[in-house]
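Fair warning: this is a prediction, and the values are worked out from it, not measured in the lab.
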Amino acid sequence: MSSDRLSDLPDPLLTQILSHLPIIDSVKTSVLSKRWESLWLTVSTLDLNDRDIAPPYKKLFATFIDSFLDHNFESPLLQSLKIKYDECNVNLFPISEWIATAVDLRGIHHLDVEIQNPMHVVDFTPASVYKSKTLVSLKLSHVRVRNLMEVVSLPCLRLMSLENVCYGTPLGKEGDLCVEKLISGCPVLEDLELVRKCDDMVKTLRVRSQSLKMFRLEFRSGMGGGVEIDAPGLEYMSFKDCQSDRIVVKNLNSLVKIDVDSGFNVKFGDSEDLIKSDTIRDFFTGVSSVRQMIISQPTLEILYRYSELVPVAEFQRLYHLQAAFSTSSLQLLPAFLESCPNLKSLVLDFSVSAESEQINLTNVPRCLTSTLECVEINKLITKEETGIKLVNYFLENAAVLKKLSVSFTDSPMADEDLDTYKELLTSTKRSRICQVFIS
């Protein structure tokens, strides 16, 4: 006689299994037997996606969710509520009431709300969300954070993600204050992600936090404005803001790693070169204590353009650098490396630009003669002269180099060509212990 091994499991374990399923699938298990009839009501995670429900059953499904949220407030706390829905269905579900119940009565820890295919920015988050004593993470996407007239108090919130959110009222000017209050009302916030949209109603974004450790900012299209970052405990920052005209960073002495991909809102032909140069200089000076850096090709192109006006900041503590250099900005490489006197590891993503300049790699920065041990050069093109010159530049000048790795984007070379190329690259090695790897 075969046994039902799943039913042999204790209720708490079955409930944990159901918590990993979309709620629509959890509800379906209620027809299995009398024992399963109300197990779904005790799951700790509620994952709602209105695309999972056929249109004729949406109203019926709403009654199931009402039953779930009203069921047994003495049961274990609701850990997570995740809601995804199309804006066209916003009137079919009492989203605001569900969130309020989860926050006020079920002690929710994690709230994730996303509007799919948004045509307008919807305001539905109840005020109690911003006074929750239990929320640990808050993720909002394509919604409006209303005018926060009262004090924001989220004493347990450690992670906040705001993607394409509008702040304040459509005709108001409260956007700046709204974001400030959100961040300042989270005394233990450690991880903050802001993906801004062009019409988010924020003129100057101010990120001030004593507790923040990780910050990711993306602002690809918009109307300019400013950003101010003051976070003494910040350890990681991803800065992908191409729109802000005014950028202020301060008290970032704890910064360990930064990922920079910004054009600093530079428009070619801009008459404000001196102002832009000050912004660029102050930004890199403000993050100069970093130990690991990733820097994009557009950012390096801007640095190269302003190199005569902006001396490269000194990165005394930097030991790992990943940079995307093109042939048009490669002339900046020695000067940039000169600002990294203790660099040990370098990754270069190389590309050939349409307007290449004559490359003269003669200056030898301090790190090449004393600290640089590992170099990786990617995306080379076979027999392209500038790439070969770049590789030989490191082989001929890096005195303590231990490993040089080279990879190509085009088709693999034949074995005889590979041996010839490897012999060419290793014929003038300054470091006797350097190993060359070609792929």
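Inter-residue side-chain proximity for R206 and V179 is flagged as unmet; no heavy-atom pair is nearer than 4.5 Å. Within the 4.5 Å cutoff, the side chain of R196 has heavy atoms near those of the L217 side chain. R430 has its side chain within reach of T369: a pair of non-hydrogen atoms, C-beta onward, lies under 4.5 Å apart. Counting heavy atoms from C-beta on, the side chains of R106 and L81 never come closer than 4.5 Å. With contacts defined as side-chain heavy-atom distances shorter than 4.5 Å, the pair I438/F408 qualifies. F219 places none of its side-chain heavy atoms less than 4.5 Å from the side chain of V227. Side-chain atoms of P341 and Q316, non-hydrogen and from C-beta on, do get closer than 4.5 Å to each other. Two residues are said to be in side-chain contact when any heavy atoms from C-beta on lie closer than 4.5 Å; T327 and F350 meet this criterion.
How far CG of L390 is from CG of L361: 6.5 Å, rounded to the nearest 0.5 Å. Atom OG1 in T409 sits 10.0 Å away from atom CG in N378 (nearest 0.5 Å). Note: L300 CG to D261 CG = 10.0 Å, rounded to the nearest 0.5 Å. To the nearest 0.5 angstrom, K240 atom NZ is 10.0 Å from T299 atom OG1. The CG atom of L46 sits 12.0 Å away from the NZ atom of K82 when rounded to the nearest 0.5 Å. Here M293 contributes atom CE and F284 contributes atom CZ; the two are 6.0 Å apart, rounded to the nearest 0.5 Å.
Residues V287 and I258 approach most closely at CG1-CD1, 3.8 Å, considering heavy atoms. P232 and S209 make their closest contact through CD-O, 3.4 Å (heavy atoms, listed as atom of the first residue, atom of the second, distance). In plain terms, the two heavy atoms of V249 and F283 that are nearest each other are CG2-O, 3.7 Å. Residues I433 and L401 come closest through the heavy atom pair CG1-O, 3.7 Å. Nearest heavy atom pair, residue T134 against residue I108, reads OG1-O, 2.7 Å. The shortest non-hydrogen separation linking L135 to V129 is CD1-O, 3.8 Å.
Ion pair E228/R246 flagged as a salt bridge, since at least one NZ, NE, NH1 or NH2 atom sits closer than 4.0 Å to an Asp/Glu carboxylate oxygen. Of the charged side-chain nitrogens involved, at least one lies within less than 4.0 Å of a carboxylate oxygen, so that E338 and R366 count as a salt-bridged pair.
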Would you list the atom pairs, donor with acceptor, under 3.5 Å between side chains in residues 152-163 and any protein atom, with sequence neighbours excluded?
{"unit_1": "R158", "atom_1": "NH1", "unit_2": "E190", "atom_2": "OE2", "d": "3.0"}
{"unit_1": "S161", "atom_1": "OG", "unit_2": "E193", "atom_2": "OE1", "d": "3.0"}

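Between the side chain of S211 and the backbone N or O of L189, at least one donor-acceptor pair lies under 3.5 Å. Here the side chain of K276 pairs a donor or acceptor atom with the backbone of N265 at under 3.5 angstrom. Side-chain atoms of S288 come within 3.5 Å of backbone N or O of T285 as a donor-acceptor pair. Remark: the backbone N or O of Q79 is not paired with any side-chain donor or acceptor of T45 at under 3.5 angstrom. In this structure a side-chain-to-backbone donor-acceptor pair under 3.5 Å is present from T371 to L343. Between the side chain of N164 and the backbone N or O of H142 there is no donor-acceptor pair closer than 3.5 Å.
Annotation: E314, atom CD; neighbour count of heavy atoms from other residues, nucleotides and ligands within 6.0 Å is above 12. Within 6.0 Å of atom CZ in R216, more than 12 heavy atoms from other residues, nucleotides or ligands are found, so the atom counts as buried in its surroundings.
Side-chain atoms of S262 and D241 form no donor-acceptor pair, as typed in the model, at a separation below 3.5 Å. Inspection of the S80 and H110 side chains reveals no N or O donor paired with an N or O acceptor under 3.5 Å.
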**OP:** Check the pair S328 / E301 against side-chain hydrogen bond (donor to acceptor under 3.5 Å, both in side chains), numbers first and verdict last.
**Re:** CA-CA 8 Å; S328 61; E301 297 283 354; 3.0 Å; yes
Subject >> Full working for side chain to side chain contact (heavy atoms under 4.5 Å, CB included) between K429 and L404 >> reply: CA-CA 11 Å; K429 288 193 301 181; L404 175 71; over 6 Å; no
**OP:** Could you please spell out the steps behind the salt bridge (Lys or Arg N to Asp or Glu O under 4.0 Å) verdict for K84 and D47?
**Re:** CA-CA 8 Å; K84 286 186 177 181; D47 188 347; over 6 Å; no
Original post:
Given the rule in the side chain to side chain contact (heavy atoms under 4.5 Å, CB included) test, do F215 and L194 qualify, once you have shown the distances and angles that lead to the verdict?
Top reply: CA-CA 8 Å; F215 176 48; L194 297 176; 3.9 Å; yes
Original post:
Going through the distances and angles, do D282 and V248 end up as a side chain to side chain contact (heavy atoms under 4.5 Å, CB included)?
Top reply: CA-CA 7 Å; D282 292 346; V248 177; over 6 Å; no
**OP:** For the pair K197 and D199, evaluate salt bridge (Lys or Arg N to Asp or Glu O under 4.0 Å) and give the outcome as yes or no after the intermediate values.
**Re:** CA-CA 6 Å; K197 57 184 294 182; D199 54 350; 3.6 Å; yes
**OP:** Kindly indicate, with the supporting measurements, whether the criterion side chain to side chain contact (heavy atoms under 4.5 Å, CB included) is fulfilled by I183 and R208.
**Re:** CA-CA 7 Å; I183 297 173; R208 298 168 179 165; 5.9 Å; no
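Applying the ring-ring contact (aromatic ring centres under 6.0 Å, His included) test to residues at least two apart or on different chains, none of the pairs has a partner in residues 375-404.
Ring to ring, Y306 and F264 are not that close: their centroids are 6.0 angstrom or more apart.
When the ring-ring contact (aromatic ring centres under 6.0 Å, His included) test is applied to Y319, no partner is found at least two apart in sequence or on another chain. For F325, the ring-ring contact (aromatic ring centres under 6.0 Å, His included) criterion is met by no residue, not counting sequence neighbours. For E218, the salt bridge (charged side-chain N to carboxylate O under 4.0 Å, His left out) partners are R220, not counting sequence neighbours. Partners of D230 by side chain to side chain donor-acceptor pair (under 3.5 Å), not counting sequence neighbours, listed by chain and number: N251.
A cation-pi contact links K403 to F437, judged by a cut-off of 6.0 Å to the six-membered ring centre and 45° from its axis.
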